[in-house]
Amino acid sequence: MPTTVLVGAQWGDEGKGKIIDVLAKDADYVVRYQGGNNAGHTVVVGSEEIILHLIPSGILHKEKICVIGNGVVIDPEALLKEMAYVEKKGISINGNLLISEQAHVIFPYHKILDKLREEHFRKTKIGTTGRGIGPCYTDKFARMGIRMADLLNRRVLKEKLETNLEEKNAIFRKVFRHPEFSFADLYARYLRYGRKIKPFLCDCTAVLNQAVAAGKRILFEGAQGTFLDIDHGTYPFVTSSNATAGGACVGSGVGPTRIGTVIGVVKAYTTRVGEGPFPTEFPPRLMDEVRRRGKEFGATTGRPRRCGWFDAVLVRQAAAVNGLDSIAVTKLDVLDHLQTLKICVAYKYRGRRYEQFPADLDALWNAKPVYEEMPGWMQSTAAVRSFDDLPPNARRYLRRLEELVRTRMQIVSIGSERNQTLFL
Ligand code: IMP
């Protein structure tokens, strides 16, 4: 089936960038459908590391059409910078990058609001990336948002921006005692951005539905992960969009009956950035070691990621919420040196055993993981090129994960290079 959705099945940073890059070679279109430049997809091509925040990783394959869907929020300044970065690497974006005219636009006041809310209301601090994502989606749902197409219409932009500034400036003045934003400056700047981005704008729903009708192969690239999803994640410690598979339909205008396969990407262990519950979080020494070996620092903010054991309760829930057909397990090599591995198979909370992910966040904060232990393989897997050549204990570990999350394993990644990918 030619349409595939690829989602993160944990808290983001599962290594989706690499898997998308590997799968993109068989796709005609690669589509981002939610989030914004809070995401950071790292792809290694030869000796070069390329980090993309907004443009789909498919751009690294010359003949692919990359689409930024209506569900994405776009900071035009960041987008133009990324377009220039990609072009500087010798990658063409003309004719193969399309941007939905319905995507919402991030303004500087969104970024400032994001930071001020985090600083001001410390008790409810989320640890956001500070990119203005939450405030931009807030405006979208409050029906005050400004969309890409509006940047091309002087009258509409003027009206919308004036209304937004009337409200935002009052908040800046009264709540945060922060300087206000000038209309004239923003208006001129965003009209300029609109002129620059205009050649890339499209009706993404029409483009993608025509592609589906023509039998083209479409790969939907999820950003963040299932437990950062606004509905299904560890709310309120989440991002403000639907990072789960359903978001692909809403965020692109392609209907659910047109989706063929859903693949979940999971790390062979667990990480998360920002605040929020994390039952299987490592103790400090192991945390430092795995973080160092796995280079677990945010691709967007550089923040150290929190690391922990693989949590099968979490991923089982992700399999249900996304309707996963299969999983891709990444960064197995990071565990190469460990003598013993633990897998969380259930939680204990107030004397009760939870095999299923608890909806009550309080239970998750206080959940004690029930672990199963497995022996490590204590040898490098980096040079392995087929699943059967993995050390027996590595295969046992992977098969146990597959069994516990009740989802077929399709891909195992053992390094950042394209050829360090094992297909089952
Ligand atoms: P926001 O998306 O900037 O509003 O941040 C909300 C939460 O999502 C914070 O905990 C961030 O660290 C987290 N987050 C956002 N984007 C990513 C990502 O791409 N990877 C991992 N965590 C992310």
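- In summary, the side chains of Trp11 and Thr234 do present a donor paired with an acceptor at a separation below 3.5 Å, with no hydrogens or angles considered.
- Between Tyr109 and the options Asn169, Leu116, Leu165, a side-chain contact (heavy atoms from CB on, under 4.5 Å) holds for only Leu165.
- For Glu289 and Arg285, the salt-bridge test fails: no basic side-chain N is under 4.0 Å from an acidic carboxylate O.
- Remark: Arg173 pairs with Glu180 by the salt bridge (Lys or Arg N to Asp or Glu O under 4.0 Å) rule, at least two apart or across chains.
- The cationic atom of Arg143 (NZ for Lys, CZ for Arg) does not lie both less than 6.0 Å from the six-membered ring centre of Phe141 and within 45° of the ring axis.
- More than 12 heavy-atom neighbours from other residues, nucleotides or ligands sit within 6.0 angstrom of CD on Glu162.
- Gln102 has its side chain within reach of Thr205: a pair of non-hydrogen atoms, C-beta onward, lies under 4.5 Å apart.
- Arg189 has its side chain within reach of Arg192: a pair of non-hydrogen atoms, C-beta onward, lies under 4.5 Å apart.
- Between Glu118 and the choices Ile126, Thr124, Leu113, the side-chain contact (heavy atoms from CB on, under 4.5 Å) rule is met once, by Ile126.
- The closest side-chain donor-acceptor pair between Thr381 and Asp336 falls under 3.5 angstrom.
- Two residues are said to be in side-chain contact when any heavy atoms from C-beta on lie closer than 4.5 Å; Asn94 and Glu87 meet this criterion.
- Nearest approach of Ala318 to Ala9, heavy atoms of both residues: CB-O, 3.4 Å.
- Leu98 places none of its side-chain heavy atoms less than 4.5 Å from the side chain of Cys204.
- His232 and Asn242 share no donor-acceptor pair across their side chains, judged by distance under 3.5 Å alone.
- The closest donor-acceptor contact from the side chain of Asp150 to the backbone of Ile146 lies at 3.5 Å or more, if one exists at all.
- Between Cys249 and Gly255 the shortest heavy-atom distance is SG-C, 3.9 Å.
- Side-chain contact of Thr129 with Arg131: a donor-acceptor pair under 3.5 Å is absent, judged by distance alone.
- Looking only at atom types and distance, the side chain of Lys331 has no donor-acceptor partner in the side chain of Ser413 under 3.5 Å away.
- The structure places NZ of Lys18 at 8.5 Å from OG1 of Thr330, a figure rounded to the nearest 0.5 Å.
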**Message:** One pair to check against ring-ring contact (aromatic ring centres under 6.0 Å, His included): His104 and Tyr137. What are the steps and the verdict?
**Reply:** CA-CA 8 Å; His104 280 248; Tyr137 277 114; 7.9 Å; no

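- One side chain, Glu296 or Tyr269, offers a donor N or O that lies under 3.5 Å from an acceptor on the other.
- Between Phe172 and Phe181, the ring-plane angle classifies as tilted under the 30° and 60° cut-offs.
- One finds the CD1 atom of Ile59 at 8.5 Å from the CG atom of Leu52 (value rounded to the nearest 0.5 Å).
- In this structure, the salt bridge (Lys or Arg N to Asp or Glu O under 4.0 Å) partners of Glu281, at least two apart in sequence or on a different chain, are Arg306.
- Identified under the salt bridge (Lys or Arg N to Asp or Glu O under 4.0 Å) test for residues 197-210, with sequence neighbours left out: none.
- Judged by distance alone, the side chain of His61 and the main-chain N or O of Asp21 form a donor-acceptor pair under 3.5 Å.
- Between Gly36 and Ile133, the shortest heavy-atom distance links the atoms CA-CD1, 4.0 Å.
- Thr128 places a side-chain N or O within 3.5 Å of a backbone atom of Gly130 that can act as its donor or acceptor partner.
- Pairs passing the salt bridge (Lys or Arg N to Asp or Glu O under 4.0 Å) check and including a residue from residues 210-229, sequence neighbours excluded, read Asp28-Arg217.
- With Thr163 contributing its side chain and Leu161 its backbone, the two residues share no donor-acceptor pair below 3.5 Å.
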**Request:** Step by step, work out the side-chain hydrogen bond (donor to acceptor under 3.5 Å, both in side chains) result for His110 and Asp139.
**Result:** CA-CA 9 Å; His110 291 131; Asp139 281 353; 2.8 Å; yes

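- The closest side-chain heavy-atom distance from Thr421 to Ile411 is below 4.5 Å.
- Two residues are said to be in side-chain contact when any heavy atoms from C-beta on lie closer than 4.5 Å; Tyr85 and Ile55 fail this criterion.
- Formation of a donor-acceptor pair under 3.5 Å by the Arg272 side chain with backbone atoms of Phe227 is not found in this model.
- By the neighbour-count criterion of 12 heavy atoms within 6.0 Å, atom CD of Glu63 is densely surrounded, having more than that number from other residues, nucleotides or ligands.
- The salt bridge (Lys or Arg N to Asp or Glu O under 4.0 Å) pairs that include a residue from residues 34-54 are Glu48-Lys89, where partners are two or more places apart or lie in different chains.
- When the shell of 6.0 Å around CZ of Phe297 is examined, it contains more than 12 heavy atoms from other residues, nucleotides or ligands.
- Using a 4.5 Å heavy-atom cutoff, the side chains of Asn37 and Thr300 are not in contact.
- Taking the ring centroids of Trp365 and Phe237, they lie under the 6.0 Å cut-off.
- No donor-acceptor distance shorter than 3.5 angstrom exists from the side chain of Asn322 to the backbone of Thr244, with no hydrogens or angles considered.
- Each of Thr4, Ile263, Ile259 was checked for a side-chain contact (heavy atoms from CB on, under 4.5 Å) with Phe220, and the lone residue meeting it is Ile259.
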I'd like a table of donor-acceptor pairs (distance under 3.5 Å, sequence neighbours excluded) in which one partner is a side-chain atom from residues 309-316, with atom names and distances.
unit_1, atom_1, unit_2, atom_2, d
Asp311, OD1, Val313, N, 3.0
Asp311, OD1, Leu314, N, 3.2
Asp311, OD1, Tyr347, OH, 3.4
Asp311, OD2, Tyr347, OH, 2.6
Arg316, NH1, Leu404, O, 3.0
Arg316, NH2, Val345, O, 3.4
Arg316, NH2, Glu355, O, 2.7

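- Side-chain contact annotation: Gln224 with Asn38, donor-acceptor N/O pair under 3.5 Å present.
- Atom-to-atom distance recorded for Met148:CE and Phe200:CZ is 10.5 Å, nearest 0.5 angstrom.
- The CZ atom of Arg117 sits 11.5 Å away from atom NE2 of His120, with the distance rounded to the nearest 0.5 Å.
- Atom-to-atom distance recorded for Arg291:CZ and Arg305:CZ is 10.5 Å, nearest 0.5 angstrom.
- Shortest non-hydrogen contact noted between Ser241 and Gly35 is OG-N, 3.5 Å.
- In this structure a side-chain-to-backbone donor-acceptor pair under 3.5 Å is present from Lys267 to Asp13.
- With hydrogens and angles disregarded, a donor-acceptor distance shorter than 3.5 Å links the side chain of Asp325 to the backbone of Val262.
- Within 6.0 Å of NZ on Lys158 lie no more than 12 heavy atoms contributed by other residues, nucleotides or ligands.
- With values rounded to the nearest 0.5 angstrom, Thr301 atom OG1 is found 4.0 Å from Arg303 atom CZ.
- At least one donor-acceptor pair under 3.5 Å links the side chain of Glu82 to the backbone N or O of Leu54.
- Listed for the Gln420 side chain is a donor-acceptor partner under 3.5 Å among the backbone atoms of Ser416.
- The shortest side-chain heavy-atom distance between Leu364 and Leu361 falls under the 4.5 Å cut-off.
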